[in-house]
Structure formats: structure tokens, C-alpha cells
Amino acid sequence: VFLGNLLVLMYGKCGSLELAVESFSALAHPNVFSWNILIQVYVQHGELDQAKVWFEMMPGWTLVSWNSMLRVYAHMGDLESAKSLFDSMPEHDLVAWNTMLQVYASAGHLSELIKLFNSSPEVDVFSWTTLLAGHAQKGQVQQAQDVFELAGVANVVTWTAMLKAYVDNGKLSSAKFLFSRMPEWDLRAWNVMLQAYAQDGHVDEAIRLYKSMPVLDVVSSSTMIVALGLNGQLQDAVHMFESMKERNLVSWNTLIAVYGEKGDVESSKCIFDRMPCHDAVSLTALLTILSRNGHLEESKKLFNTLPPAA
RNA sequence: UACCUUAGUAUAGAACG
């Protein structure tokens, strides 16, 4: 069972729901861990409704199960269900409180978030970071900064959340300063800084940072594609795309959008056709590009190929 | 003894402002 659990987890992390479920069903006697892992896998794949179904099907629950379900509600934005689950849980640990904080944060209920933070019996770096991000998301940079300074605990995630707060609110110089003072950097931190340069049109700085990064991923690349493409270096953007070893849906969608911004409808279409699969973003991107450039008929035609909505 | 849960990154549109 122990090894079987690990297997379910591994499949879940490495992409395949089917394999994960298969190995779950292969377990002769799944225990609470197995069930918790199964739910977790579904959450990671965004299959929230199914995660809930599994949760209700479980023979028994632990704190971890309830916490996982709280997270499901957080993702669904279902504040009421989250609240009532939280209230009906027989006990709460720090993770439960933190997850509930996250519920309010993702629902955008800042005042409730603050209230709950203040009534938490105990807080840690997770709680502080959630509080910080909650303020940032509402554009309250100064308050976010206050939280950052008040916290007294900060790890690379906290620093990055603060960095993002500056970036999202157009404070590039503060962002640069903070970035230079970070005790350590990881891929996400670099990517946020890259994004800062990209959205401000500082292509050269972006390129310099990109070249100095010890690790890169698909996020770094698509960020650079936008930076290059929208700032007069479309060729380089395309070149970067073509030389990517791994692409995901976002990589493709990004290039479609960049071509669209440049009014190059043909190339957008071409990329769209080359993609291995599409999602709602790819479709709406191409639809708007077509219609904005006077290809209304073609846009309609594409729209009509869509399966009827649920 | 061992396995599970919480915070920070990229792409389209729409709404609110």
C-alpha cells in the first residue's frame, strides 16, 4: 500500500490522471493516505468537481482530507462551502487556518482575510505571505510592504510575492531594488523580474537577465517571446519559439497573440494550425484576431466549428 | 520508522472600475 500510494502520487505529478486512477484502483486496501493523494491529484489537474466526488466517497477523513477539500473550495471560489466545512471540522491545524486564509484571498475578500489572520491562533510564513499577496492583489502596495516588514519571517516565496506586488503595480524601480536585495533567487523569482522588464518594454534588460539566468523553463521563454515580439524584435521572438526544446499550450498561445498584436493574421492562423491541441485561450485569441482584422466571415466559421457549450 | 494537505511566476477575451 505504501509503495502503491507513492505510485499514485508520482503519476499524478507527472501528468497522467488515468494512470493515477488506475494505480489507485489497483490498490487492494487503499488507506486514508491513498484517498488523500487521489484527491490531491485531481486538484492538481483542475478536476475540482471530481475531487469533491472522491472526497465524499471516502470512507473516513483526516485533517489532511479536510484541508484538501478546503483548497478545492478555494479554487472554486466557493466561499460558503469553505466556511461551513471549516466550521464543521472537528479540529484545525495551522494548515487549515492558512488554507482558509487562502480561500478569502482568492475570493478577493481582503477585510475577511485580515480578520481571520488576526484571529488565527498561530501564524507562520505561509500566513504572512498569503496576507501580503492578498493586499497586493487589491493594489494595496503600501500595505503589502507594511506586511512584508512586519512579518519578521520571509523566505524566497515571500520575497517573490513582494516583488510581484511591485511589478503588478508598475513600481519597476522598487522591484529592481528589492530584487537586488533578495537573499536568494529561484526560477519563479527570476521569471517575475523578467516579466517586470517585459511589461515595461525594457527589452535589453530582459535579455540581459534572461541570459544570466542559471535555469530557464517554458515560463521564462514565453515571457521573453512577449517582450521581444511586442518591442520590435519579432524575428528574435519567433526564433526563440522555434528553438524551444519543450513547448506547452501557453507557448503556442503566446506566439499567436504576439502575431495578432502585430496584425499578422496569416502567421497567427499558421501557428494555430501547427499546434498539437487547442484550448479556450487559443480559440478566443484567434477569433478576436480574425474579427479585429476584418475577417469576420472566417471568424464566424471558426466559431461554428466549436462544439456546443455545456 | 516510512507515504498525503496550505503561500509567490508566462498567453486570449469578457465584466467591474
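In what follows, chains are A, B, ... by sequence order, proteins preceding strands, each numbered from 1.
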message = Check the phosphate of B:U6 against A:R71, side-chain N and O only, distance under 4.0 Å to OP1 or OP2. Yes or no?
response = yes
ask   = In whole angstrom, what separates A:W128's CH2 from B:U6's C1'?
value = 17 Å
message = What is the distance, to the nearest angstrom, from the CG atom on A:L94 to the P atom on B:U6?
response = 13 Å
query = Are the aromatic rings of A:W252 and A:F241 close, with centres under 6.0 Å apart?
reply = yes
query = Could you give the NE2-to-P distance, from A:H135 to B:G8, as a whole number of Å?
reply = 16 Å
ask   = Can you tell me how far P of B:C4 sits from CE of A:M58, to the nearest Å?
value = 15 Å
ask   = Quick one: what's the B/S/- string for nucleotides 10-17 of chain B, heavy-atom cutoff under 4.0 Å, read 5' to 3'?
value = BBBS----
query = Starting at CG of A:N36 and ending at P of B:C4, how long is that distance when rounded to a whole Å?
reply = 10 Å
Separation of atom CH2 in A:W97 from atom P in B:U6, rounded to whole Å = 19 Å
query = Does a sphere of radius 6.0 Å around CZ in A:R274 hold more than 12 heavy atoms from other residues, nucleotides or ligands, not counting ones at 6.0 Å or beyond?
reply = yes
inquiry  = Can you confirm whether or not the ring centre of A:W97 sits under 6.0 Å from the ring centre of A:F86?
reply    = yes
ask   = Does any N or O donor sit under 3.5 Å from an N or O acceptor when you compare the side chain of A:T130 with the base of B:A7?
value = no
message = Using side-chain hydrogen bond (donor to acceptor under 3.5 Å, both in side chains), reason through A:D279 and A:S282 one step at a time and then give a plain yes or no.
response = CA-CA 5 Å; A:D279 67 359; A:S282 339; 2.7 Å; yes
Side-chain H-bond candidate by donor/acceptor type, A:Y259 with A:E266, under 3.5 Å = no
message = Counting only side-chain heavy atoms from C-beta out, which of B:G8, B:U6, B:A7 sits nearest to A:N98?
response = B:U6
inquiry  = Using 30° and 60° as the class boundaries, would you call the ring planes of A:W61 and A:F55 parallel, tilted or perpendicular?
reply    = tilted
request  = Indicate whether OP1 or OP2 belonging to B:U5 is found under 4.0 Å from a side-chain N or O atom of A:Q102.
outcome  = no
Quiz item: A:N155 side-chain donor-acceptor pair to B:A7 base, under 3.5 Å = yes
request  = With heavy atoms under 4.0 Å as the rule, sort A:V43 into base, sugar-phosphate or nothing.
outcome  = nothing
inquiry  = Between A:Q40 and A:N36, is there a side-chain donor-acceptor contact under 3.5 Å, judged purely by atom types and distance?
reply    = no
key: Side-chain donor/acceptor contact of A:D186 with base of B:G8 under 3.5 Å   = yes
